[in-house]
Number of protein chains: 4
Amino acid sequence: MAVGRSTARSAAGRTDAGRGGAGRGAAGRGAAGRGAAGSVQARIVAAAVGLFSEQGFDATSVQEIVERAEVTKGAMYHYYRSKDDLLYEIYHALISTQLTDLDRILAAGRPLPDAIRAIVVDLVETTAARLEETAVFARESHRLAGDRMAALRADRRRYHEAVRDLVVRGQKDGVFAASASAETVTLIVFGIVNQLPQWYRPDGEKSPRQLGDEIADFVLAGLAG
Amino acid sequence: MAVGRSTARSAAGRTDAGRGGAGRGAAGRGAAGRGAAGSVQARIVAAAVGLFSEQGFDATSVQEIVERAEVTKGAMYHYYRSKDDLLYEIYHALISTQLTDLDRILAAGRPLPDAIRAIVVDLVETTAARLEETAVFARESHRLAGDRMAALRADRRRYHEAVRDLVVRGQKDGVFAASASAETVTLIVFGIVNQLPQWYRPDGEKSPRQLGDEIADFVLAGLAG
Amino acid sequence: MAVGRSTARSAAGRTDAGRGGAGRGAAGRGAAGRGAAGSVQARIVAAAVGLFSEQGFDATSVQEIVERAEVTKGAMYHYYRSKDDLLYEIYHALISTQLTDLDRILAAGRPLPDAIRAIVVDLVETTAARLEETAVFARESHRLAGDRMAALRADRRRYHEAVRDLVVRGQKDGVFAASASAETVTLIVFGIVNQLPQWYRPDGEKSPRQLGDEIADFVLAGLAG
Amino acid sequence: MAVGRSTARSAAGRTDAGRGGAGRGAAGRGAAGRGAAGSVQARIVAAAVGLFSEQGFDATSVQEIVERAEVTKGAMYHYYRSKDDLLYEIYHALISTQLTDLDRILAAGRPLPDAIRAIVVDLVETTAARLEETAVFARESHRLAGDRMAALRADRRRYHEAVRDLVVRGQKDGVFAASASAETVTLIVFGIVNQLPQWYRPDGEKSPRQLGDEIADFVLAGLAG
DNA sequence: AATGAATGAGTATTCATTCAT
DNA sequence: GATGAATGAATACTCATTCAT
């Protein structure tokens with residue numbers, strides 16, 4: 001759904017509101033006539049996420065994307081200006097969700113260790129729910145360079161600094177040990193999350209919640225020194 | 001030097017050994033005639049590592065590699081069968097070094113926490129010394145899939161299992177807490193190392209040794225529970 | 001106005017006449033709602049002329065035309081069958097005006113040198129007033145080849161032959177020298193006019209009238225031998 | 001031949017000297033195996049000139065060029081960086097020849113009317129010999145805009161100014177009348193030449209020399225006032 | 001040991017146009 | 001009268017690789 005919202009930015013103006021509601025259950029001839037579900041935009045983004053995560057951005061051709069999405073190339077370029085634009089949508093959707101969660105957790109004003117645990121668990125859970133997006137993001141993060149991506153870089157930095165500040169406060173208050181610098185610990189935490197798609201398997205025995213707790217245990221124990 | 005050894009493996013059949021000992025003397029001429037230092041092979045691999053780490057494997061053209069290496073395309077294909085072959089060399093050189101170090105550390109038979117620390121510090125140090133190789137490795141690891149890369153996959157798994165076994169033994173002996181599973185902890189450790197190229201800057205204030213100790217502190221504290 | 005008349009000819013069947021007289025009043029609404037002046041058709045043709053003259057026909061996309069005209073693509077295809085159709089309108093409007101002027105001049109029955117001067121001055125003046133149209137015409141004249149353009153080719157030939165006949169008569173009467181053939185002189189005159197858009201600048205110091213006289217002086221001196 | 005020389009600029013280094021001479025009569029397997037004559041570069045340029053003059057630069061696809069040249073697309077891009085590069089070569093070859101001729105004529109130091117006649121005749125003759133190149137040049141001259149073309153713009157301006165200066169001197173000396181400005185006359189002369197490809201037919205009854213003299217007669221008569 | 005010409009399949013993107021609404 | 005989604009063929013250009021020399 002967040003995807004739908006964000007794609008509207010590059011689509012010619014038609015938002016989800018214009019589609020989903022009542023009275024228009026058929027969602028257009030095109031969608032109904034295809035095997036795949038969802039709007040044209042959603043199908044394109046889903047196909048792109050899947051392929052980018054499997055093969056990498058450069059190794060994925062636009063041809064492959066439109067074939068998997070069962071859409072013509074022209075249709076794709078009707079909604080997205082370029083292949084890069086598609087990547088932007090993917091990044092944007094992922095970061096937006098996580099930032100919203102972060103703000104909610106910070107607003108709750110819990111004790112530091114609880115806040116850290118909540119953040120780690122949320123990161124692990126949202127990442128587990130969006131393994132492919134995270135894989136793409138981690139692998140192609142150098143593409144955040146252009147002007148287009150400036151807002152996303154800022155979002156990412158805000159998340160990073162929020163976590164680091166929590167660690168700093170904990171070290172000042174004596175709740176956390178200072179053996180490792182707050183910056184290093186923060187980088188470690190994001191490093192762990194970014195690597196998750198490399199090894200976490202959703203069909204494994206551990207639930208995302210369990211894994212999140214396990215990682216939070218480890219991180220908090222490390223912070224306790 | 002390790003690079004030199006490994007490239008012989010992939011030379012298209014006309015390896016040094018195949019040419020007979022006599023021709024050896026001429027090898028230096030090409031290198032001396034160019035502005036850059038090192039043998040032709042070394043220059044090619046160095047150029048490839050640099051470009052792969054900056055732009056990714058797919059985004060790097062053979063043309064770019066030979067231009068940076070100041071070598072003709074024909075020359076490159078004289079030494080390497082393909083662009084993939086170049087990637088193999090890079091992986092091989094990195095894994096070989098780290099496995100050799102691992103064996104040395106294990107052979108020393110130190111107490112478990114010391115061994116873990118030694119491994120983490122060594123990984124951080126060798127990674128800091130080969131940031132680009134590690135960046136390539138982490139990013140393009142899915143390319144280990146083919147037959148060609150089977151040996152490398154096995155090496156990597158051996159390293160992984162050695163570390164996990166140390167953790168398991170520590171948990172059995174009660175030296176380490178069991179709150180996080182040995183497998184998860186191991187994956188976390190390699191995750192941290194693989195992410196290092198994303199944020200470690202060699203010109204920063206921390207030496208690799210310091211950083212290695214800091215990370216080892218964190219990991220051991222996490223293991224201590 | 002000439003444009004307005006001619007476009008009716010190419011409208012896809014739903015011309016004003018076809019719609020019935022009643023609907024006429026609404027025609028102004030669209031124009032008033034936009035920033036640009038003029039009817040939708042006039043805006044489209046003006047945009048096309050400008051772009052074709054700046055970039056050439058092939059280098060101009062329909063998208064660019066409708067953007068400059070502040071019109072949707074669908075609207076454009078409502079009025080014009082194709083991009084070629086637009087070119088036809090431009091040619092048609094230009095040639096019609098000039099042929100009308102020619103007939104007026106010929107009908108006046110002045111002495112030969114005066115008639116030649118009047119024609120040259122008129123050509124220079126109407127060309128200066130429609131520099132862009134002339135630029136398009138001169139550059140894309142090979143597109144007059146198709147069936148569609150047959151009438152325009154005939155018009156052009158009539159103009160050419162009228163001028164040549166004047167020269168022939170002058171040479172027979174001894175008013176003009178015969179050093180250069182009448183055909184060559186005629187081609188030279190049209191060549192000069194067709195090239196005008198390449199160098200005549202409306203904001204320069206010479207008025208079209210002055211320039212026309214200067215060129216007529218030159219041509220008549222050449223004819224005088 | 002001039003074409004061959006100029007293309008060497010963008011070819012990888014192999015000049016005509018490396019081909020044409022003795023001992024290599026076969027001119028390479030590729031050339032001998034094809035129906036068309038000449039080196040790969042010459043065939044490509046010839047095909048491009050022909051198509052550009054027939055259809056225009058934009059209307060001509062690279063595919064068409066390589067098909068007519070009986071060359072693969074890759075081969076074309078081996079020798080020319082882009083389609084624009086091809087245009088540059090065509091312009092360059094044409095302008096170079098004409099400038100060389102101009103310098104020879106100016107160096108002869110003949111009386112003004114004779115010099116003007118020599119220039120006009122030479123322009124008409126070289127243009128008649130390179131009708132297609134001139135057609136392309138006249139039609140696509142707006143492409144001289146980019147940085148790449150700066151040298152060509154300068155050459156063209158030099159030619160223009162040389163002719164204008166001759167006219168100015170003639171007017172000062174009283175050899176030529178001043179009814180039309182020197183600048184206008186110069187523009188007229190080049191206008192006539194640029195338009196030549198539109199109507200001159202090499203299979204017609206007039207030889208280039210005859211036509212050149214006829215045009216020179218007309219121009220000199222115009223100048224005499 | 002090394003060159004550079006040549007290949008041909010593949011790339012992302014743009015195009016004029018159609019059509020249901 | 002006008003919209004905008006959708007098409008599919010065409011575009012210029014790049015690629016890793018081969019091969020005769």
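Chain A is the first sequence line, chain B the second, and so forth, proteins listed ahead of strands; every chain is numbered from 1. Because the structure is a prediction, the values reported are computed rather than measured.
- Minimum heavy-atom separation, C:Gly56 to C:Thr60: O-OG1, 2.8 Å.
- As a whole-Å value, the separation of B:Ile65 CD1 from F:dC15 P is 11 Å.
- Distance CG (C:Leu86) to C1' (E:dA16): 12 Å, rounded to an integer number of Å.
- Looking at which nucleotide of DNA chain E each of A:Tyr77 and D:Met76 is closest to, the 5′-most match is held by D:Met76.
- Here F:dA16 is the nucleotide among E:dA6, F:dA16, E:dT14 with the atom lying nearest to any side-chain atom of B:Ser61.
- Here the P atom of nucleotide E:dC15 and the CD atom of C:Gln63 are 8 Å apart, to the nearest Å.
- When distances run from any side-chain atom of B:Val62 to the nucleotides F:dG1, E:dA16, F:dT17, the shortest one goes to F:dT17.
- Residue whose closest nucleotide on DNA chain E sits further toward the 5' end, between C:Ala59 and B:Ala75: B:Ala75.
- With both pairing distances under 3.5 Å, E:dT21 is matched to F:dA2 as a Watson-Crick or G-U wobble pair.
- When distances run from any side-chain atom of D:Lys73 to the nucleotides E:dT13, F:dT3, F:dA12, the shortest one goes to F:dA12.
- A salt bridge links C:Glu54 with C:Arg68: at least one charged nitrogen is closer than 4.0 Å to a carboxylate oxygen.
- For D:Glu89 against D:Tyr80, the heavy-atom pair with the smallest separation is CG-CE2, 3.7 Å.
- Residues B:Asp58 and B:Arg139 are not paired through a salt bridge, judged by the lack of any N-O separation under 4.0 Å between the basic side chain and the carboxylate.
- In this structure, the CZ atom of D:Phe52 is 12 Å from the C1' atom of F:dA12, given to the nearest Å.
- When each of A:Gly74 and B:Asp58 is assigned the nucleotide of DNA chain F with its nearest heavy atom, A:Gly74 is the one assigned upstream, toward the 5' end.
- Comparing E:dT7, F:dA6, E:dT3 by their nearest atom to the side chain of A:His78 picks out F:dA6.
- Between B:Gln41 atom CD and E:dA1 atom P the separation is 9 Å, expressed in whole Å.
- Note: CZ (C:Phe57) to P (E:dC15) measures 13 Å, nearest angstrom.
- Summarising the geometry, the separation between CD on C:Glu67 and C1' on E:dT14 is reported as 13 Å, rounded to the nearest angstrom.
- Note: CZ (C:Arg143) to P (E:dA16) measures 11 Å, nearest angstrom.
- Searching all strands for a Watson-Crick or G-U wobble partner of F:dA10 with both distances below 3.5 Å returns E:dT13.
- Listed candidates were F:dT17, F:dA2, F:dA5. Nearest to the side chain of A:Tyr79 is F:dA5.
- Across F:dG8, E:dG4, E:dA6, the shortest atom-to-atom separation from the side chain of D:Thr72 is found for E:dA6.
- In this structure, E:dA1 forms no base pair with any nucleotide, since neither Watson-Crick nor G-U wobble geometry is met with both distances under 3.5 Å.
- B:Ile44 has its side chain out of reach of B:Val66: every pair of non-hydrogen atoms, C-beta onward, lies at least 4.5 Å apart.
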